[in-house]
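The first residue of the sequence shown is numbered 1, and numbering continues consecutively from there.
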Amino acid sequence: MSFEPKSEFMQVMQERGFIADCTDFEGLDSALSEGAVSGYIGFDATAPSLHVGSLIQIMMLRWLQKCGHKPIVLMGGGTTKVGDPTDRAEERPLLSPERIEENIAGIRKVFTRYLTFGEGAGDALMVNNAEWLDDLNYLEFLRDVGRHFSVNRMLSFDSVKLRLEREQSLSFLEFNYMILQAYDFMELNRRHGCRLQMGGSDQWGNIVNGIDLTRRMQGEEVFGLTTPLLTTSDGRKMGKSAGGAVWLNPEMLSPYEFWQYWRNVTDADVGRFLKLYTELPVEECERLGALQGSEINEAKIRLANEITTLAHGEEAAKAAEATAREVFEKGGLGEELPTLSLSPEDVGDGISAVQLFVRSGLVPSGKEAKRLIAGGGARIDDRPIREPGEMFDAEALEKGLKLTAGRKRHALVTLEG
């Protein structure tokens, strides 16, 4: 991209690799240079936590605030009832209003780590689109908003087109999602003067619709900015690991496991992830990312420490690093390892190696546990496990068992009491 931004925010976004596309680079840059701009990103409440796939968006909001602008976190209390069809092969399961509220409460905890909320001009704002979507009058909405949308154009967006090309069902409910998201931008502009919507590049069509609707109904010049859709260098989608989603809430994934995810990224991802997910100077990110051999491992530890400090605090990051060194360098158990505590009733006359690996969360199923054992990747107390049916009694668990899956994932199993 040859564009040379003047505003601090756009400079940060460009040099750190956040930008995929923008509806008007020069117009947005000028607006950001002239004064504080309110910008938002929407998050549907489909789970009690966001995972690291959303971290690039969270960091965009953090940088927006650090550069003197106002971030708005839009919680999709209304749109979650519909379900975003983007990047989906099938319709999302519908959640009850009670579950959606519980999920929003969990997600709110994530943002308090990254943003400063309050009543000040530059303080972050969290709003829920259920405020305006829940009470819409359907006929009035069709007349006042629906008339601005072309079905021909809506069918051309990837989120719709790909589903239809694959002859996969797309419900009328989901088809309305892009209209509701566009309406969100217009409402945020009307209520809070919001002039910028940000999101992943898969949201481009929805963002453009929102810009057009806001211009038509509000007469306001507004902007859209998208980030690249990130995958790891080995092609995996961000947010997933062998053990499942990498959640941002400590109740759903321990800080130690979160730290381990970043410690174990591939060498080729270190420099890029340092730029996107930490606040280290770009030059330092590039220096660390260029290290080779054993030195790159120290860069990975720095990456894990910086990101875990932002997500869970400095003490959690230090404890995770100390546990990792205890486990890997000294062969100890480590106090911060994920721990499964079983009752004597759970153990009974004995519990198998397969059950231990599944119950501890190191593998998602008995089939995966057996495959891990057959491949020589399962160890208990650093001893290779050869038989899936090997049994462990209550006496063995009283001392604590350290389970290892592969080279890098560990858990403890203990006996209650």
Pair E220 + R190, salt bridge at N-O below 4.0 Å: no
V73 and L125, any side-chain heavy atoms less than 4.5 Å apart: no
Heavy-atom side-chain contact between R62 and I58 under 4.5 Å: no
Heavy-atom neighbours of E314 CD exceed 12 at 6.0 Å: no
T227 and Q57 side chains, donor-acceptor separation under 3.5 Å: yes
Heavy atoms of other groups near E26 CD, more than 12 under 6.0 Å: no
Pairing of E286 and K275 as salt bridge, 4.0 angstrom limit: yes
K70 and Q65: CA distance, side-chain angles, deciding distance, side-chain contact (heavy atoms from CB on, under 4.5 Å) verdict: CA-CA 6 Å; K70 187 178 186 70; Q65 186 169 48; over 6 Å; no
Straight-line distance of M126 CE to F117 CZ, nearest 0.5 Å: 4.5 Å
For P388 against K370, the heavy-atom pair lying closest together: CB-CG, 4.1 Å
Over all atoms of both residues, closest heavy-atom pair of G122 and P71: O-CD, 4.1 Å
Separation of I301 CD1 from T308 OG1 (nearest 0.5 Å): 11.5 Å
Pair F185 and Y40, ring centroids less than 6.0 Å apart: yes
Where V12 and C67 come nearest, the two heavy atoms and their spacing: CG2-SG, 4.3 Å
Short side-chain to backbone donor-acceptor contact, K6 and S30, under 3.5 Å: no
N297 side chain to S294 side chain, donor-acceptor N/O pair below 3.5 angstrom: no
Non-hydrogen atoms of R191 and W132 that approach each other most closely: NH2-CB, 3.4 Å
CA sep, side-chain torsions, deciding dist, call: I351, D346, side-chain contact (heavy atoms from CB on, under 4.5 Å): CA-CA 8 Å; I351 185 169; D346 291 328; 5.8 Å; no
Salt-bridge present (E221, R215; N to O < 4.0 Å): yes
Salt-bridge present (R302, E306; N to O < 4.0 Å): yes
Separation of L180 CG from E187 CD (nearest 0.5 Å): 11.5 Å
L133/L136 under side-chain contact (heavy atoms from CB on, under 4.5 Å): CA gap, chis, key distance, verdict: CA-CA 5 Å; L133 295 182; L136 284 178; 3.8 Å; yes
Sidechain-backbone polar pair: S352 side chain, E390 backbone, donor-acceptor under 3.5 Å: no
Sub-4.5 Å side-chain heavy-atom contact between N129 and Y183: no
Side-chain heavy-atom pair F258, I307 within 4.5 angstrom cut-off: yes
Exam field: side chain N249 to backbone M252, donor-acceptor pair closer than 3.5 Å: no
Flag for D123-T116: side-chain donor and acceptor within less than 3.5 Å: no
Backbone N/O of G77 and side chain of N128: donor-acceptor pair under 3.5 Å: yes
Salt-bridge present (K109, E251; N to O < 4.0 Å): yes
Pairwise side-chain contact, R272 with L230, heavy-atom cut-off 4.5 Å (strictly under): yes
Donor-acceptor contact below 3.5 Å, side chain H69 vs main chain V37: yes
Closest approach of I207 to L225 (non-hydrogen atoms, all atoms of both residues): CD1-O, 4.4 Å
Under 3.5 Å side-chain donor-acceptor pair for S365 and E368: no
Expected output: side-chain Q11 to main-chain P5 donor-acceptor under 3.5 Å: yes
Check: R16 side chain, T278 main-chain N or O, donor-acceptor pair, under 3.5 Å: yes
Heavy-atom pair with the smallest gap, counting every atom of I72 and L61: O-CD2, 4.1 Å
Verdict with supporting geometry, K66 and E279, side-chain contact (heavy atoms from CB on, under 4.5 Å): CA-CA 11 Å; K66 287 174 69 70; E279 295 173 343; 3.3 Å; yes
Atom pair CG/CG of L64 and L196 - distance to nearest 0.5 Å: 6.5 Å
Polar contact flag, side-chain donor to acceptor under 3.5 angstrom, Q181-D184: no
Pair K318 + E315, salt bridge at N-O below 4.0 Å: no
More than 12 heavy atoms from other groups under 6.0 Å of CZ on R99: no
Within-4.5 Å side-chain heavy-atom neighbours: E321 and N305: yes
Backbone of G224 reached by a side-chain donor or acceptor of T23 within 3.5 Å: yes
Heavy-atom side-chain proximity of I41 to L74 below 4.5 angstrom: no
CE on M198 to CE on M60, rounded to 0.5 Å: 5.0 Å
Straight-line distance of C194 SG to N189 CG, nearest 0.5 Å: 7.0 Å
pair H312-W259: side-chain heavy atoms closer than 4.5 Å: no
Between D21 and T226, a side-chain donor and acceptor under 3.5 Å: no
Residue among W63, Y114, Y261, W262 satisfying ring pair (Phe, Tyr, Trp, His ring centres under 6.0 Å) with Y277: W262
